[in-house]
Structures are given as C-alpha cells and as structure tokens.
Amino acid sequence: MSKLPTYEEKPIPTRVPVTSFGEIIDPRLALTQCKIGFSFVVDTHKFRQRVIGYARRLGIEVRTAKNGTGRFDIWRI
C-alpha cells in the first residue's frame, strides 16, 4: 500500500481573490451593497460559484447569467 501524505506534507491551498473586470472585489460586500434588482459582474465561472456560496450563507437570493463577453452577471432578487 502506498504511503498517504500526512497533514504536514499537504500543500496549503491558495485563495484567488474574486475579480470584476480585472479588479479585486469583496463578494460579501458586493452582495450586501447591491440593491434588489441590480447586478454586478464577475470574471469567471469559479468566481460565480464562490459568490453564490456567499449569497447562500448570507440568505440573499441571486440569479446569474453568462453575458456576451464571457463574464457572469449576478442579479440580486
């Protein structure tokens, strides 16, 4: 049986900040400051997933869609 890695040998994951048009945003702050019916944009699908996770934890309903530029719009409803 192969030797499994111990806790000390596992690499520490690096957290990439969420970006909107290349600028770093705080997803929690963006969700709470966004008024109902308005939206903001994130650059990638991975960032979209992270924002949805924040919204669930905060109890905020959101809808998302991919726009024509390949980015993702996130609407607060």
Side-chain angles (χ1 to χ4, degrees):
M1 189 182 265
S2 64
K3 181 183 171 194
L4 297 174
T6 62
Y7 183 76
E8 293 81 24
E9 295 173 355
K10 289 184 180 179
I12 298 172
T14 56
R15 183 63 89 164
V16 177
V18 175
T19 60
S20 177
F21 296 101
E23 296 200 17
I24 297 172
I25 63 168
D26 179 12
R28 195 168 26 105
L29 191 61
L31 284 167
T32 55
Q33 288 184 347
C34 187
K35 295 181 182 179
I36 294 174
F38 288 89
S39 68
F40 60 96
V41 178
V42 294
D43 291 338
T44 66
H45 177 70
K46 186 177 282 190
F47 297 156
R48 174 191 163 274
Q49 290 176 321
R50 286 184 44 203
V51 171
I52 290 172
Y54 276 105
R56 282 189 189 136
R57 282 180 251 145
L58 293 170
I60 297 173
E61 290 187 54
V62 294
R63 295 281 185 255
T64 65
K66 190 172 187 178
N67 62 25
T69 62
R71 293 182 170 93
F72 292 87
D73 295 322
I74 300 175
W75 287 277
R76 184 171 177 179
I77 57 171

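Please read all numbers here as calculations on a predicted model, not as lab measurements.
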| query | Minimum heavy-atom separation for F72 to R48, with atom names? | reply | CD2-CD, 3.4 Å

| query | What about W75 and V18, same hydrophobic cluster or not, with Ile/Leu/Val/Met/Phe/Trp/Tyr joined at side-chain heavy-atom distances under 4.5 Å? | reply | no

| Which residue pairs satisfy the salt bridge (charged side-chain N to carboxylate O under 4.0 Å, His left out) criterion with at least one member in residues 58-77, sequence neighbours excluded? | D43-R71

| field | Non-hydrogen atoms of F47 and P17 that approach each other most closely | value | CZ-O, 3.3 Å

| message | Is it the case that atom CZ in R57 sees more than 12 heavy atoms from other parts of the structure closer than 6.0 Å? | response | yes

Show me the donor-acceptor pairs, under 3.5 Å and distance only, between side chains in residues 22-42 and residues at least two apart or in other chains.
residue : atom : partner : partner atom : Å
D26     : OD1  : R28     : N            : 3.4
T32     : OG1  : R28     : O            : 3.1
T32     : OG1  : L29     : O            : 3.2

| request: May I have the step-by-step check of side chain to side chain contact (heavy atoms under 4.5 Å, CB included) for V62 and V51, ending in yes or no? | output: CA-CA 9 Å; V62 294; V51 171; 5.8 Å; no

